[in-house]
Amino acid sequence: MDESVLAVGSHGGDDCSRLDQEARGVRYQETITGEFMSKFDPAKFEPKWQSYWDEHGTFRTESETDRPTYYVLDMFPYPSGAGLHVGHVEGYTATDIVARFKKARGFEVLHPMGWDAFGLPAEQYALKTGTHPRETTEKNVGVFKEQLKSLGFAYDWEREINTTDPDYYRWTQWIFLKLWERDLAYIAEVPVNWCPALGTVLANEEVIDGRSERGGHRVVRKPMRQWMLKITEYADRLLDDLEIIDWPEHLKEMQRNWIGRSRGAEVDFAVDPESTGGLEANIRVFTTRPDTLFGATYMVLAPEHPLVDEITTDGQWEKVKAYREEAARKSDLERTDLQDEKTGVFTGAYAVNPTNGEKIPVWVADYVLYGYGTGAIMAVPGHDQRDWDFAKAHGIEIREVISGGDIAEEAHEGDGKLVNSDFLNGLPVDEAKGKIIAWLEDEGVGKEAISYKLRDWLFSRQRYWGEPFPVVHRKEDAAVVPLPEEQLPLTLPEVEEYEPSGTGESPLATIEEWVETTCPQTGEPARRETNTMPQWAGSCWYYLRFIDPDNDEAPVDFDLEKNWMPVDLYVGGAEHAVLHLLYARFWHKVLYDAGVVSTKEPFKRVVNQGMILGTSYAYYETENGELLGNEGEGRSDVTQKTVHVDNVHWEGETPMHPDEDVELEPVVEKMSKSRGNVVNPDDVVEEYGADSLRLYEMFMGPLEQTKPWDPRGVNGVHRFLSRLWRVVCDEEAPVGVDESADFDEELERELHRTIAQVTENTEELRFNTAIAAMMEYVNALYKRDSVPPQAVEPVVQMLAPYAPHTAEELWAELGNEPSVSEEPWPTFDEDKLEEDTYELAVQVMGKLRGTVDVAQDADEEAAVAVARANEDVERHLEGREIRRVIFVPGRILNFVVG
RNA sequence: GCGGAAGUGGCGGAAUUGGUAGACGCGCUGGACUAAGGAUCCAGUGGGAGUAACAUCCCGUGGGGGUUCGACUCCCCCCUUCCGCACCA
């Protein structure tokens, strides 16, 4: 028996102070305290084991190993000032269980953690307080790290990385140079999402409903000089390689939608020179329905389309100009949602339909997007609802070219036979498509084409707190010159002001001595790039750096990469389903092409942990200040307000407003500061210990599912740990561990069944049912007076990944050498799973009429004999003819009677 | 509107190559131990009928049809909820 462990586990310490603060009666307090401390008290041993793992390097990973490798990764956090929330804990616990489990199963496990520490919040805090983002970041990282350690996660902290560390972003810059060398990075003057409040541009993905994803500020379109990455060049591979990875379907589907590949044709329409005063021009459109070409009755150019300037006639110029200006002022939001009526203006020009020579009017309308396809369309109102709406509004002809619908009522977008289409008449849609494409190609006026929703990645931000671009702009000839590799990292200079210049340039532009430099090739005067990279950059490749964090020759050693990649399991929030995962896949493929890595895809398996919801307490306030309870729900003249959870006044089971006589309504919703329904992991750890928090989050339900937090639920798992604790440690418990206790067959069978189920469930990430199985087993132990150590030790070993501190403590208490984290996973014996007999369900006409015990190897005849000896069964068979007997050994016996 | 996922006790959830629905936990009810219990232990807990009690029977996995000896599980139609995309030609 390890005495040091015992000593920590028993009386002593300063726990009284906490209870003092709770202002309980003195006598009550003493009794409770005394009793509590001889019981299960995680605070007494959790920190001890955390130090033990640290000191012994229990979870250090050997990069070079002969054992099979397993790489399990969390989406590393942005270290915000708010600290860790229960959603982090959910994902991190899941991976921690897997890491510890795989280690016990003989794998060399890589399970690292780091910080995605560039980003807006630290910079905005700097704007407000003048604190350097580096300081804010360091402080927040400290808090996060302490929180993670307090939860006992088995990270190899020697591999900790931070994206803001120059030794790290040196390689982010290096990868950028690879992109540049491969012609995948370029500068363009593009209309961007400019957010005046944040003083920066945002990527399309960072704009939601016309507002910034972070902070909800207004976003407008503005043309600016920007860095772009040619992710579109990889669109096909990003789409096709989804087939070779094991991701949840919804996630793949979101990526497919985002890439948005569609097959169709590009068709050239000549502008009729007569309508434009002799100007010759060509309008190229993309369409997925070339079969409807004969039904095109007008064309539309996006307002931004450059041809608008050329073809608009003098008579229409004023109107077109006004329309374009209005469209430019509108945000994307206004161009879509707020607009029922489709607006547009006629340019005065006509185009010629190549199939029949017909002249059709060319309009400008903002329902056509400049960024998709060619920015121009042929409009077929008979067979496209959007065009139909527009044609109706502007009195344009609607022509039927596919039969089967009623185009007077709505556009017919489905299948049918071609009509009014010359040589296509009579064909179904599919065949017509093939035939018209062939015809277009023969005539040289069109070809088969593929279009994508995916656009090139807007890769620069006008911020200070990001990776500087490793390039200079030579003044002489405006050439963009990359820095040579040996000059990396290009570090961020110190600045006085974090304020963006307001014109769109970053604060870096104000640091003369940094900006003014010379060209590394010619020595001529040059300016540094003052944009910085977006936050996604650092997270695009961090999983590689964990494999080889101290390498100063390369981002990652090629052989080590080969040994560890791809990541076997990657767990994180669904909010990164598109952006981060798509960008990281893109960079990985570029690195693959550049020979830096050996794998085509970085993440073999991805799992999104479900959101944890909180309960808030709502009431409703009318315009004149009257407060209503749930009777206000759904009324349009009221505003929903929330009472902070801590301020709810409980009248028994009823939540009441603290000041008014109003009954509150519990609402289960996403946790947010403003709702006052955020559960702080630190509080739970303090009250119940880290193991109970871990266990509860895993017991709540399936990992991927959205689940409501039940504050009483933690109690249940805490009770379970406490029960197991008492079996081992409490002499007054109704059951104790005793060397001489009988390890009977029944108990042994229970144990082996438990091992089988926990093993299988853990492997499949079904932690909730694994925990349930362990609970059942512990309940079974409780039915006895005493149990032998060999009946308890395996369950302690299986508990270790889930509740590691408690498991370590019990393992030592059972007289074993530390640490249980170094022990192999228990095995089970197939032969010990089954009894000699089993309970067979007997049905008559499919209804359960009784159960009987039959021998394991009973055949149908034997089973029927036993079943018919059962009164209840026999009663239902009485006087009826047995027409058929269905016997599935081990499962069911069913009599079909006449 | 389109796409994806899902509807099971008072609550979170178990159980699907079709085979005893409701494991495990919360909550609740009763009892034990107590000066006390928000500790612990024991028992019970889907709904209904029935019995002195035990039996026993009927209904039941969002709704309606179907396949089958047998359906939470498979097929068709409908309803609801959540998530994502949203004028992508």
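Within every chain, numbering begins at 1; the chains are lettered A, B, ... in the order of the sequence lines, protein sequences first and strands thereafter.
- At a threshold of 4.0 angstrom between heavy atoms, the contacts of D389(A) with the nucleic acid are absent.
- Set against C85(B), G19(B), C87(B), the side chain of D366(A) has C87(B) as its closest nucleotide.
- Counting to the nearest Å, the C1' atom of G70(B) and the CG atom of L893(A) are 12 Å from each other.
- We find that CD1 of I892(A) is positioned 13 Å from C1' of A71(B), with the value rounded to whole Å.
- The number of heavy-atom neighbours closer than 6.0 Å to CG of D785(A), taken from other residues, nucleotides and ligands shown, is 12 or below.
- Nucleotide G60(B) has no partner under the Watson-Crick or G-U criteria, as no pair reaches both atom distances under 3.5 Å.
- In terms of position along RNA chain B, the nucleotide closest to E776(A) lies nearer the 5' end than the nucleotide closest to the other residue of the pair E776(A) and F895(A).
- Judged by Watson-Crick or G-U wobble contacts below 3.5 Å, the nucleotide G1(B) has C85(B) as its partner.
- D710(A) comes within contact range of the sugar-phosphate backbone alone, with a heavy-atom separation under 4.0 Å but no base atom that close.
- With both pairing distances under 3.5 Å, A55(B) is matched to nothing as a Watson-Crick or G-U wobble pair.
- Residue-level contact check: S451(A) touches neither bases nor backbone, having no heavy atom under 4.0 Å from any strand.
- Across all strands shown, R261(A) has no heavy atoms under 4.0 Å from either base or sugar-phosphate atoms.
- With a cut-off of 3.5 Å on both Watson-Crick or G-U wobble distances, the partner of C26(B) is given as G10(B).
- For the pair D389(A) and K392(A), the salt-bridge criterion is not met [side-chain N within less than 4.0 Å of a carboxylate O].
- Taking side-chain N and O atoms only, N894(A) has no distance below 4.0 Å to OP1 or OP2 of G19(B).
- In the displayed structure, E764(A) atom CD is contacted under 6.0 Å by more than 12 heavy atoms of other residues, nucleotides or ligands.
- Donor-acceptor pairing under 3.5 Å is lacking for the side chains of Y802(A) and T93(A).
- Rounding to whole angstrom units, CD1 of residue I771(A) and C1' of A14(B) are separated by 14 Å.
- For the C1' atom pair drawn from C59(B) and G4(B), the interatomic distance equals 35 Å after rounding to whole Å.
- Nearest to the side chain of Y367(A), among G4(B), U20(B), C87(B), sits C87(B).
- Side-chain atoms of Y323(A) and T343(A) include a donor-acceptor pair closer than 3.5 Å.
- Nearest to the side-chain atoms of M775(A) among the listed nucleotides U56(B), G25(B), C87(B) stands G25(B).
- N779(A) comes within contact range of the sugar-phosphate backbone alone, with a heavy-atom separation under 4.0 Å but no base atom that close.
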Name every donor-acceptor pair, under 3.5 Å, that has one atom in a side chain of residues 883-898 of chain A and the other anywhere in the protein, sequence neighbours excluded.
residue	atom	partner	partner atom	Å
N894(A)	OD1	M845(A)	N	3.4
N894(A)	OD1	G846(A)	N	3.1

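- A gap of 32 Å separates the P atoms of U56(B) and U68(B), to the nearest Å.
- Classification of R753(A) and E750(A) as a salt-bridged pair fails, no side-chain N sitting under 4.0 Å from a carboxylate O.
- Checking A89(B), A14(B), G3(B) against the side-chain heavy atoms of N257(A) singles out G3(B) as nearest.
- For G9(B), the O4'-C1' to base torsion is within 90° of 0; the nucleotide is therefore syn.
- Looking at Q843(A), its side chain has no donor and acceptor atom pair within 3.5 Å of the base of U20(B).
- E839(A) comes within 4.0 angstrom of a base, heavy atoms only.
- Among the atoms of the strands shown, only primed sugar atoms or phosphate atoms (P, OP1, OP2) are found under 4.0 Å from some heavy atom of Y782(A).
- Remark: G19(B) base-pairs with C69(B); criterion is Watson-Crick or G-U wobble with both hydrogen-bond distances under 3.5 Å.
- Among the atoms of the strands shown, none is found under 4.0 Å from any heavy atom of R883(A).
- Distance CG (N761(A)) to C1' (A23(B)): 12 Å, rounded to an integer number of Å.
- Although no hydrogens or angles enter the test, the distance criterion places no donor-acceptor pair under 3.5 Å between the side chain of H876(A) and the main chain of R849(A).
- Between Q705(A) and A5(B) there is no side-chain polar atom (N or O) within less than 4.0 angstrom of OP1 or OP2.
- The side chain of R884(A) places no N or O atom within less than 4.0 Å of a non-bridging phosphate oxygen (OP1 or OP2) of G70(B).
- Nearer the 5' end of RNA chain B, as judged by each residue's closest nucleotide, is the contact made by A841(A), out of Y372(A) and A841(A).
- Nucleotides C72(B) and C54(B) are separated by 29 Å at their P atoms, to the nearest Å.
- Remark: the separation of the P atoms in C11(B) and G48(B) is 15 Å, to the nearest Å.
- At G19(B), none of the side-chain N or O atoms of K847(A) fall inside 4.0 Å of OP1 or OP2 (strictly under the cut-off).
- E413(A) has its CD atom 11 Å from the C1' atom of C2(B), to the nearest Å.
- P702(A) comes within 4.0 angstrom of sugar-phosphate atoms only, judged by non-hydrogen atoms across all strands, and of no base.
- Spacing of C1' atoms, U67(B) relative to G18(B), comes out at 12 Å, to the nearest Å.
- Taking 4.0 angstrom as the limit, H876(A) places a side-chain polar atom (N or O) nearer than this to OP1 or OP2 of C57(B).
- Across all strands, S262(A) comes closer than 4.0 Å only to sugar-phosphate atoms, never to a base (heavy-atom distances).
- Distances shown here put every side-chain N or O of R891(A) at or beyond 4.0 Å from the OP1 or OP2 atom of U17(B).
- N715(A) comes within 4.0 angstrom of no nucleic acid atom, judged by non-hydrogen atoms across all strands.
- C58(B) and G65(B) have their C1' atoms separated by 23 Å, given to the nearest Å.
- In this structure, CZ of R880(A) is placed 13 Å from C1' of C69(B), rounded to the nearest angstrom.
- Distance check on atom C1': G70(B) versus C78(B) gives 26 Å, rounded to whole Å.
- Applying the 4.0 Å criterion to OP1 and OP2 of G27(B), one finds that R712(A) has every side-chain N and O outside that range.
- Close to C58(B), at under 4.0 Å from its OP1 or OP2, lies a side-chain N or O of R849(A).
- For G46(B) and G38(B), the C1' atoms lie 28 Å apart once the distance is rounded to whole Å.
- Note on T851(A): a base of the nucleic acid sits closer than 4.0 angstrom, heavy atoms only.
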Can you give each donor-acceptor pair under 3.5 Å made by side-chain atoms of residues 293-300 of chain A, sequence neighbours left out, with the distance rounded to 0.1 Å?
residue	atom	partner	partner atom	Å
T297(A)	OG1	E397(A)	O	2.8
Y298(A)	OH	Y367(A)	OH	3.0
Y298(A)	OH	D387(A)	O	3.2

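- Rounding to whole angstrom units, OH of residue Y777(A) and C1' of G25(B) are separated by 20 Å.
- Look at CZ on R719(A): it is 19 Å from P on G12(B), rounded to the nearest Å.
- Of the N and O atoms on the side chains of S616(A) and E669(A), at least one donor lies less than 3.5 Å from an acceptor on the other residue.
- R875(A) comes within 4.0 angstrom of the backbone, heavy atoms only, and of no base.
- Searching all strands for a Watson-Crick or G-U wobble partner of A32(B) with both distances below 3.5 Å returns U40(B).
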